[in-house]
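Below is one structure; the comments refer to it alone.
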Amino acid sequence: MSTPIQIYLDNNATTPCDPRVVDAMLPFFHQVPGNAASRNHPFGWKAEEAVDYAREQVADLLQVSSKEIIFTSGATESDNLGLKGAFEMYSRKGNHIITLKTEHKAVLDSCKKIEKLGGEVTYLDVEGDGIVDLGKLEAAIKSNTIMISVMWANNETGVIQPMKEIGELCAKHGVLFMSDATQAVGKIETHPKDIGVHIMAFTGHKMYGPKGVGALYVSRKNPRVKLTSQLDGGGHERGMRSGTLNVPGIVGMGKAAEIAKNEMKQDAERLSVLRDKLENAFKANLDEVYVNGNTEHRMPHVTNISFKHVEGEGLMMTFNQNIAVSSGSACTSASLEPSYVLIALGLGDDLAHSSIRFSLGRFTTDEEIDQAVNLVSKGVDHMRDLSPIWEMYKEGVDLDAVVWSEH
Ligand SMILES: *Cc1c(COP(=O)(O)O)cnc(C)c1O
């Protein structure tokens, strides 16, 4: 019996750890057991040395000083520290933060907490292509605005925001610019100093590093940003994030950053060709296929596609033994909710529910894309063959005009 096809196209959820990263990490589980904060024996020194080296590797990818890198447990913690830490630190200057409706929950839920603590948050709409309108963003800035937080690239659509222009707006109005750059770091160039980003969150496991380790870039010069710590204890990480450092994880994240710096350009070129091939094949094989979000300003390895009149979760069931992707629906306890990101782009519930996110990665092959096209196209045909709605559509019934009975 041959092994079943297993194709991983969910790299925006998490990337596999690069084997070179695993090799770099292994000695730090056993051979080098030290605590990086132990200052009085060689075990501690070796651990500290390894952390320093990883900090340089990460800083090098971002073209910043290693003193500006704070290690955390992941992007969720980094987002929390950046937002809540700035809110607390700059409370005398103001209490207003501007962000987007399409941000990750780690940002949105941190903002909700900030509102409970007396902050004011503006959640801006995006345009139909997922990109924020700069005029609307500038109009939202008030005298009490301390920070604008905009994600570099969206996790569901891959859409990239006009970072440079937003950086200029922030500089003009003297507000801090924070970015959740989790989906961009290590995949495209993310140099916060060129863009005017002052605080930037990212994570190891979305850039072929390990899970459970992340980082926050915090500008030390022009401006010198200070954050109120959210985890207090031994005063690690320049007092901003206490807790014994995850030495193997940090070593892995450093190695992942070094590999990304050397290889991300060629990875991006290769993956954008495969991504376009996937998209074009669906458009050629199937009717009523829609790509969601701006297709020019987006990450090279992502496509979010609605297969109209097909329910995405059901479609996924037809191939999920063989292909891993994400659907545009989220399971809550009571029901299947359409993605709030796609709804913010103006998609109706039906198109949002019919969407699938394909996110390719460093280990995706050309052959896998061919197999995915084949299996997913078959799945769509199968679902549509069974669907009375698809039959009505084929017969030319105007589905928008149909009055569906309440139940
Ligand atoms: C994955 C992700 C996060 C959360 O990262 P963790 O390291 O898993 O906490 C935050 N923001 C974005 C945009 C993400 O894609």
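Counting starts at 1 for both ligands and their atoms, in listed order.
We find that R224 and E68 are not joined by a salt bridge, their nearest charged nitrogen and carboxylate oxygen being 4.0 Å or further apart.
Among pairs with a residue in residues 72-83, those fulfilling salt bridge (charged side-chain N to carboxylate O under 4.0 Å, His left out) read E77-R241, at least two apart in sequence or across chains.
The number of heavy-atom neighbours closer than 6.0 Å to NZ of K93, taken from other residues, nucleotides and ligands shown, is above 12.
The ring pair (Phe, Tyr, Trp, His ring centres under 6.0 Å) test applied to F202 returns no partner, not counting sequence neighbours. Residues forming a ring pair (Phe, Tyr, Trp, His ring centres under 6.0 Å) with F43 (at least two apart in sequence, or on another chain): H41.
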Per-pair distances, ligand 1 N/O vs protein N/O, less than 3.5 Å:
| residue | atom | partner | partner atom | Å |
| --- | --- | --- | --- | --- |
| ligand 1 | 7 (O) | A75 | N | 2.9 |
| ligand 1 | 7 (O) | T203 | OG1 | 2.7 |
| ligand 1 | 7 (O) | H205 | NE2 | 3.4 |
| ligand 1 | 8 (O) | H205 | NE2 | 2.8 |
| ligand 1 | 9 (O) | T76 | N | 2.9 |
| ligand 1 | 9 (O) | T76 | OG1 | 2.6 |
| ligand 1 | 11 (N) | D180 | OD1 | 3.4 |
| ligand 1 | 11 (N) | D180 | OD2 | 2.6 |
| ligand 1 | 15 (O) | Q183 | NE2 | 2.8 |
| ligand 1 | 15 (O) | K206 | NZ | 2.7 |

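A ring-centre distance under 6.0 Å is found for H309 and Y393.
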